[in-house]
Amino acid sequence: MSSSSAPTPPSASATDDFVIQLALDRGLLRSAQVEAARAIIAGHTDLTIATPRLIDLLIQQGSLNARSVAELLAGEFGMHMAPDLANIRITGDTLELIPRPIAARYRLLPLTRDGHTLRVAIADPLDTEGLDQLGYMLKFAIEPVVATAAEITEAIDRFYGKDANSIDDLLSNLSVTGNDATAAVTTEANTAATASDSDADAPIIKLVHQIILEAIHRRASDIHIEPLEKRFRVRYRIDGVLLEVENPPKRLQAAIISRLKIMSNISIAEKRIPQDGRIQIGVGGKQLDLRVSSLPTAHGESIVMRILDKEGLTLGLPELGFLSDDAATFEKLITLPDGILLVTGPTGSGKTTTLYGCLHFINKPDRKIITVEDPVEYQLNGINQVPVRHDVGMTFAAALRAMLRQAPNIVMVGEIRDLETAEIAINASLTGHMVFSTLHTNDAPSAVTRLIDIGVKPFLVSTSLRATMAQRLVRKICAKCKRPYMPDQKELRALNITAAQAASATFAKGDGCADCNATGYRGRNGIFEIFVVNEEIQKMIYEHAGSARLREKARSLGMRTMREDGLRKVMAGLTTIDEVVSITVGDVN
């Protein structure tokens with residue numbers, strides 16, 4: 001574009017003269033005050049101090065009120081006044097549209113976005129250069145509202161961070177390889193914000209997106225960004241195992257953490273307490289959610305991002321790891337009209353993914369499904385999801401009590417943690433609802449003991465509980481480097497595999513390749529222990545039988561333990577003996 005076509009902003013003196021004339025016409029200012037201010041400026045002789053602007057001097061002297069000037073300009077140009085900038089919230093996606101250098105240079109602040117219209121607070125309606133630049137860069141319609149320069153400057157410092165100069169200095173020394181580092185990862189409106197390579201923030205944006213993109217490329221479930229004493233560590237959790245990758249320089253720690261906090265719409269000013277946020281991104285046509293947790297540590301804030309892939313929710317039971325017989329049993333259980341089904345296991349054992357897979361399987365137009373979760377990890381179409389908010393009294397129990405008045409067919413409670421929640425869930429199951437939930441127990445029969453321990457009456461447990469399922473996740477052998485393998489006698493003894501079983505098995509292992517990061521494993525599957533409550537088990541629960549007796553009875557009725565289910569998958573060549581032994585070390589049966 002030729003320079004002749006660029007907009008020519010009015011000079012500061014022309015702007016001041018216009019505002020002062022308006023103020024004189026409206027009676028907000030007296031001529032004597034203007035002349036006195038002009039005399040001060042004319043007598044300014046200190047060359048080490050910049051000559052003050054006339055309008056700024058009048059405001060400083062109290063002859064004019066900054067808010068009154070802003071209202072005067074808004075009325076003259078038919079604009080609205082901005083809301084109180086001290087009490088607004090701006091989403092991270094909106095802030096990303098305008099990099100800090102541009103916001104500071106033109107004294108403007110993005111407020112809200114509606115489609116391709118961006119509402120922006122400006123200090124000077126006469127200075128159209130900044131608005132024209134924004135419209136050209138973003139290809140958005142810009143809706144300006146007026147605020148004072150001081151309000152905008154303070155808001156920029158609050159939302160973008162005050163220590164801009166030191167961060168800019170760090171970024172000027174940063175080199176990020178690959179011009180398309182951000183091409184494959186875009187937040188909802190991030191492309192526009194990163195379009196100009198001349199912006200000081202562009203390199204840090206590229207670096208942060210490169211970290212996220214690499215994690216997704218490697219199939220990581222979590223990104224751990226940890227400030228240590230002398231280094232800034234980045235690790236990916238891949239198939240349940242943490243892998244350290246190339247670390248950014250320690251000097252970029254503050255800039256990277258601030259960028260991630262802005263993206264996840266959490267306060268960059270608050271560094272003393274834990275915070276939670278969420279990032280929604282698109283990668284190669286797929287929509288992913290990143291659940292972000294910030295935790296203050298001795299050497300700065302630790303950030304953990306949980307990568308939630310919505311495509312995992314549409315998996316069928318075989319993809320979750322169920323073999324055909326267990327899949328048939330589980331399908332029958334989750335389509336029952338009422339009762340409680342519990343999925344148990346430690347944190348990270350795949351309970352949530354399994355429950356979401358169940359909801360996807362039974363989500364039909366003729367069924368109303370409501371969930372209460374802390375937090376809502378995945379957003380599902382056609383399902384009413386209620387987040388727990390302890391700060392306003394929206395606990396699991398309060399939400400569950402209210403949900404039952406919504407006449408649902410199926411209810412999912414993220415976790416049963418206390419007696420009140422357990423009793424409401426049981427009452428719901430006894431009044432014709434199917435209830436899904438989770439518990440933290442080591443095996444399936446122990447869920448019965450756990451419910452009784454928290455105060456639920458045994459007769460309520462026996463009449464409402466339909467089944468419990470314990471599960472763990474084991475790594476699958478990489479399909480690219482998989483090869484036949486015969487375990488030695490020590491390995492066979494670890495799972496009590498007999499010679500006859502070994503002769504008919506298809507053992508395998510992975511040699512390690514680029515596709516699996518040289519680990520020999522790619523992806524994970526579940527191993528399961530399904531404890532079905534029949535009439536005999538109900539009677540034992542009513543008679544206060546312990547988990548050991550319940551387990552013994554279930555085994556006699558055909559229940560497989562997790563180790564036995566893992567053994568079947570080892571013999572089918574899906575995973576290895578080492579994996580099953582390490583995951584089911586507590587399964588003595």
**Item:** Thr576 versus Tyr521, side-chain donor and acceptor atoms under 3.5 Å
**Value:** yes
**Item:** Approximate separation, where rounding is to 0.5 Å, of Ile537 CD1 and Lys553 NZ
**Value:** 7.0 Å
**Message:** If you count every heavy atom of other residues, nucleotides or ligands that lies below 6.0 Å from Asn381 atom CG, does the total exceed 12?
**Reply:** no
**Prompt:** Using 4.0 Å as the upper bound for N to carboxylate O, is an ion pair formed by Arg555 and Glu564?
**Reply:** yes
**Item:** Heavy-atom closest contact (Val580 atom, Leu567 atom, distance)
**Value:** CG1-N, 4.3 Å
**Prompt:** Would you call Glu529-Arg551 a salt bridge at under 4.0 Å N-O?
**Reply:** yes
**Request:** Would you indicate whether Arg389, at its atom CZ, is surrounded by more than 12 heavy atoms from other residues, nucleotides or ligands within a distance under 6.0 Å?
**Result:** no
**Item:** Pair Lys476-Thr575, side chain to side chain contact (heavy atoms under 4.5 Å, CB included): steps then yes or no
**Value:** CA-CA 5 Å; Lys476 294 190 296 184; Thr575 188; 5.9 Å; no
**Asked** Does the pair Asp325/Arg560 count as a salt bridge with the N-to-O cut at 4.0 Å?
**Response** yes
**Prompt:** Are Val581 and Glu579 side-chain neighbours, meaning at least one heavy-atom pair lies under 4.5 Å?
**Reply:** no
**Fill in**
Separation between CD1 (Ile541) and OG (Ser547), nearest 0.5 Å, reads 11.5 Å
**Asked** Does the side chain of Leu492 reach to within under 4.5 Å of the side chain of Phe507, using non-hydrogen atoms?
**Response** yes
**Side-chain (Arg259) to main-chain (His209) donor-acceptor, under 3.5 angstrom** = no
**Message:** Thr519 vs Ile238, test: side chain to side chain contact (heavy atoms under 4.5 Å, CB included). Steps then yes/no.
**Reply:** CA-CA 10 Å; Thr519 61; Ile238 302 172; over 6 Å; no
**Message:** For Thr344 and Thr441, which I'm curious about, is there any donor-acceptor pair between the side chains at under 3.5 Å?
**Reply:** yes
**Asked** To the nearest 0.5 Å, what is the distance between CD1 (Ile527) and NZ (Lys569)?
**Response** 7.0 Å
**Prompt:** Hey, is the main chain of Glu214 close enough, under 3.5 Å, to the side chain of Tyr236 for a donor-acceptor pair?
**Reply:** no
**Request:** Answer yes or no: is there an ion pair linking Arg522 with Asp239, defined by an N-O contact shorter than 4.0 Å?
**Result:** no
**Asked** Is Gln253 reaching over with its side chain to a backbone N or O of Ala255, donor-acceptor style, under 3.5 angstrom?
**Response** no
**Request:** Report yes if the side chains of Ser462 and Val533 come closer than 4.5 Å at any heavy-atom pair, otherwise no.
**Result:** no
**Prompt:** So does Asp326 pair up with Arg568, basic N to acidic O under 4.0 Å?
**Reply:** yes
**salt_bridge(Lys351, Glu415) N-O dist < 4.0 Å** = no
**Message:** Does Asp114, at its CG atom, have more than 12 non-hydrogen atoms belonging to other residues, nucleotides or ligands within less than 6.0 Å?
**Reply:** no
**Side chain Thr438, main chain Gly414, donor-acceptor under 3.5 Å** = yes
**Nearest heavy-atom neighbours spanning Ile497 and Ala502** = CG2-N, 3.9 Å
**Message:** Minimum heavy-atom separation for Lys482 and Ala508, please, with both atom names.
**Reply:** CE-CB, 3.6 Å
**Message:** In the structure I gave you, are the side-chain heavy atoms of Gln406 and Ile370 within less than 4.5 Å of one another anywhere?
**Reply:** yes
**Check: Ile90 main-chain N/O paired with Thr94 side-chain donor or acceptor under 3.5 Å** = no
**Asked** Is there side-chain contact between His390 and Thr395, with heavy atoms separated by less than 4.5 Å?
**Response** yes
**Prompt:** Is the backbone of Val474 close enough, under 3.5 Å, to the side chain of Arg524 for a donor and an acceptor to pair up by distance?
**Reply:** no
**Message:** Check Asp366 with Lys364, please: is the shortest side-chain N to carboxylate O separation under 4.0 Å?
**Reply:** no
**Request:** Quick one: closest heavy-atom pair of Leu550 and Phe531, and the distance?
**Result:** O-CE1, 3.9 Å
Donor-acceptor pairs are to be reported for all side-chain atoms of residues 299-308 against protein atoms at under 3.5 Å, with residues two or more places apart or in another chain.
residue: Glu301; atom: OE1; partner: Lys261; partner atom: NZ; Å: 3.1
residue: Glu301; atom: OE2; partner: Lys261; partner atom: NZ; Å: 2.9
residue: Glu301; atom: OE2; partner: Ser294; partner atom: OG; Å: 3.1

**Item:** Side chain to side chain, Arg233 and Glu226, heavy atoms closer than 4.5 Å
**Value:** yes
**Asked** In this structure, are over 12 heavy atoms from other groups packed under 6.0 Å from Lys539 atom NZ?
**Response** no
**Message:** Go through it in stages, so that I can follow the logic: the residues are Thr561 and Phe528, the test is side chain to side chain contact (heavy atoms under 4.5 Å, CB included), and I'd like the CA-CA distance, side-chain angles, deciding distance and then a yes or no.
**Reply:** CA-CA 7 Å; Thr561 68; Phe528 307 100; over 6 Å; no
**Asked** For Ile212 and Ile281, what are the C-alpha separation, side-chain angles and deciding distance, and is it a side chain to side chain contact (heavy atoms under 4.5 Å, CB included)?
**Response** CA-CA 10 Å; Ile212 295 174; Ile281 61 175; 3.9 Å; yes
**Residue pair Leu295 / Pro274: nearest heavy atoms and the distance that separates them** = CD1-CG, 4.0 Å
**Asked** Is there a donor-acceptor pair closer than 3.5 Å between any side-chain N or O of Asp338 and the backbone N or O of Ser429?
**Response** no
**Asn442, CG atom: more than 12 neighbouring heavy atoms under 6.0 Å** = no
**Message:** Any salt bridge linking Glu491 with Arg493? Criterion: basic side-chain nitrogen under 4.0 Å from a carboxylate oxygen.
**Reply:** no
**Request:** Please tell me if the side chains of Gln501 and Asn496 come closer than 4.5 Å, counting only heavy atoms from C-beta onward.
**Result:** no
**Prompt:** Is it true that a side-chain atom of Asn427 and a backbone atom of Glu423 form a donor plus acceptor pair closer than 3.5 Å?
**Reply:** yes
**Message:** Check this for me: does any side-chain nitrogen of one of Glu244 and Arg235 sit under 4.0 Å from a carboxylate oxygen of the other?
**Reply:** no
**Prompt:** Is a donor on one side and an acceptor on the other found under 3.5 Å between the side chain of Glu331 and the backbone of Ala328?
**Reply:** no
**Value rounded to 0.5 Å, distance of CG in Leu95 from CE in Met263** = 12.5 Å
**Asked** Hey, mind stepping through Asp222 and Arg291 against salt bridge (Lys or Arg N to Asp or Glu O under 4.0 Å) and telling me if it holds?
**Response** CA-CA 9 Å; Asp222 304 271; Arg291 198 179 76 194; over 6 Å; no
**Message:** To the closest 0.5 Å, what do you measure between NE2 (His433) and CG (Leu400)?
**Reply:** 9.5 Å
**Request:** With Phe436 as reference, evaluate Thr354, Val343, Ile362, Ile369 under the side-chain contact (heavy atoms from CB on, under 4.5 Å) test and give the passing residue.
**Result:** Ile362
**Fill in**
Scanning both residues in full, the closest heavy-atom pair of Met559 with Pro445 reads CE-CG, 4.3 Å
**Sidechain-backbone polar pair: Ser258 side chain, Ala254 backbone, donor-acceptor under 3.5 Å** = yes
**Complete:** To the nearest 0.5 Å, atom CE of Met562 lies from atom CG of Asp565 at 9.5 Å
**Heavy-atom side-chain contact between Thr468 and Val532 under 4.5 Å** = no
